[in-house]
Amino acid sequence: NAGVTQTPKFRVLKTGQSMTLLCAQDMNHEYMYWYRQDPGMGLRLIHYSVGEGTTAKGEVPDGYNVSRLKKQNFLLGLESAAPSQTSVYFCASSYSDRGTQYFGPGTRLTVL
Amino acid sequence: AQSVTQLGSHVSVSEGALVLLRCNYSSSVPPYLFWYVQYPNQGLQLLLKYTTGATLVKGINGFEAEFKKSETSFHLTKPSAHMSDAAEYFCAATSGTYKYIFGTGTRLKVLA
């Protein structure tokens with residue numbers, strides 16, 4: 001039981017490049033989330049999903065897209081990376097809408 | 001709108017001393033409340049959570065928190081700090097709209 005995994009762990013991009021972050025969970029959770037963590041700002045919700053095939057915008061969705069084609073996977077895409085997207089990205093999942101969130105280990109992204 | 005405020009971005013305590021990390025929330029409906037801990041270069045892990053019922057909640061590693069509705073608070077305490085408690089702590093709240101609001105975090109330093 002791996003819980004929540006994220007790939008890659010680290011990535012450096014140049015401005016304008018694109019990439020996809022993959023989140024996978026093996027707990028059969030319906031709800032999945034993408035957050036970014038920046039110093040002094042806590043965690044901010046980018047996008048979330050309440051089930052396979054559904055996605056919704058969070059607090060800071062601009063510049064990001066997501067897809068949930070399979071229940072266990074939640075992908076976060078950056079179409080044209082900007083330095084402002086330099087951050088640590090965390091994926092989380094939960095069984096219910098008020099349940100404990102289980103977090104992945106994070107992806108540290110630097111955009112030059 | 002829901003919000004979570006953590007007083008003190010940095011807290012230092014001596015080993016063996018009381019740990020008190022403060023969290024206040026604002027919500028139009030009674031929220032579910034959580035404390036998470038983040039160790040360096042790791043994701044967040046659940047310490048404890050309040051849903052309904054008993055207002056004093058016990059968590060892992062000797063931590064506990066008390067939900068006080070009249071004060072809209074959910075402060076985290078531990079009677080005796082240990083060096084291994086050094087980490088960043090996040091308070092979070094949700095009212096069941098799939099969205100969790102996180103505080104900005106409190107970094108705990110334990111002095112030998």
Side-chain angles (χ1 to χ4, degrees), chain A residues 2-7 9-10 21 23-25 27 29-51 54-61 66 68 74 87-109, chain B residues 1-11 21-25 27 29-53 57 59-60 63 65 67 74 87-107:
Chain A
V4 179
T5 58
Q6 292 182 234
T7 53
K9 288 185 169 51
F10 303 94
L21 283 67
C23 175
Q25 53 96 2
M27 295 174 282
H29 287 168
E30 290 291 340
Y31 306 93
M32 297 187 74
Y33 311 81
W34 276 107
Y35 294 93
R36 59 178 289 172
Q37 184 180 32
D38 302 292
M41 303 189 75
L43 275 75
R44 292 181 293 169
L45 182 65
I46 305 171
H47 286 281
Y48 64 99
S49 169
V50 301
T54 71
T55 63
K57 294 181 180 180
E59 181 185 356
V60 289
V66 289
R68 182 107 181 260
F74 195 29
S87 187
V88 181
Y89 292 85
F90 287 100
C91 177
S93 70
S94 65
Y95 179 74
S96 69
D97 61 349
R98 300 188 188 195
T100 300
Q101 293 201 325
Y102 294 84
F103 285 82
T107 295
R108 187 172 296 273
L109 175 65
Chain B
Q2 195 174 75
S3 66
V4 173
T5 303
Q6 291 184 239
L7 286 176
S9 59
H10 293 82
V11 170
L21 305 181
R22 300 178 188 274
C23 173
N24 288 87
Y25 68 92
S27 176
V29 297
Y32 284 24
L33 297 161
F34 305 79
W35 275 102
Y36 289 88
V37 60
Q38 184 180 33
Y39 299 103
N41 299 314
Q42 294 186 25
L44 281 69
Q45 304 170 37
L46 181 72
L47 270 181
L48 51 79
K49 65 180 179 181
Y50 169 77
T51 54
T52 58
V57 181
I60 62 171
F63 284 94
F67 171 61
F74 191 56
E88 190 158 21
Y89 293 80
F90 292 91
C91 183
T94 182
S95 295
T97 60
Y98 318 117
K99 297 181 182 179
Y100 294 71
I101 306 298
F102 285 82
T104 53
T106 298
R107 190 170 297 277

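Chain naming here is simple, since letters A, B, ... match the order of the sequence lines and numbering starts at 1 in each. Computed over heavy atoms, backbone and side chain alike; hydrogens, waters and symmetry mates excluded.
Listed options A/Val4, A/Thr100, A/Val88 were ranked by heavy-atom pairs under 4.5 angstrom with chain B; first place goes to A/Thr100. Your options are A/Gly99, A/Gly104, A/Cys91, and the one with the most heavy-atom pairs under 4.5 Å with chain B is A/Gly99. Counting heavy-atom pairs closer than 4.5 Å to chain B, the top residue among A/Gly42, A/Gly40, A/Ala56 is A/Gly42.
A/Met27 places none of its side-chain heavy atoms less than 4.5 Å from the side chain of A/Tyr95.
Neither the backbone nor the side chain of A/Glu59 comes within contact range of chain B; no heavy atoms are under 4.5 Å apart. The part of B/Gln38 that comes within reach of chain A is its side chain, from C-beta onward, which places non-hydrogen atoms under 4.5 angstrom from that chain. Interface remark: A/Arg108 contributes side-chain atoms only to the contact with chain B (heavy atom separation under 4.5 Å).
Closest approach of A/Trp34 and A/Gln6 over heavy atoms only: CZ3-NE2, 3.6 Å. Contact detail for B/Tyr89 and B/Gln6: the closest heavy-atom pair is O-NE2, 3.0 Å.
Without hydrogens or angle criteria, A/Ser49 side chain to A/Thr54 main chain gives a donor-acceptor distance under 3.5 Å. When atom types are taken as modelled, the side chain of A/Ser94 and the backbone of A/Ser96 share a donor-acceptor pair closer than 3.5 angstrom.
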Please lay out, stage by stage, how B/Asn24 and B/Thr5 fare under the test side-chain hydrogen bond (donor to acceptor under 3.5 Å, both in side chains). CA-CA 5 Å; B/Asn24 288 87; B/Thr5 303; over 6 Å; no
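The aromatic rings of A/Tyr33 and B/Tyr100 sit perpendicular to each other, their planes meeting at more than 60°, with 30° as the lower class boundary. Using cut-offs of 30° and 60° on the angle between ring planes, the pair B/Phe102 and B/Phe90 is perpendicular.
Residues of residues 44-53 of chain B that come closer than 4.5 Å to chain A, counting heavy atoms only, are B/Leu44, B/Leu46, B/Lys49, ordered by residue number.
In this view, B/Thr104 satisfies the side chain to side chain donor-acceptor pair (under 3.5 Å) rule with no residue, not counting sequence neighbours.
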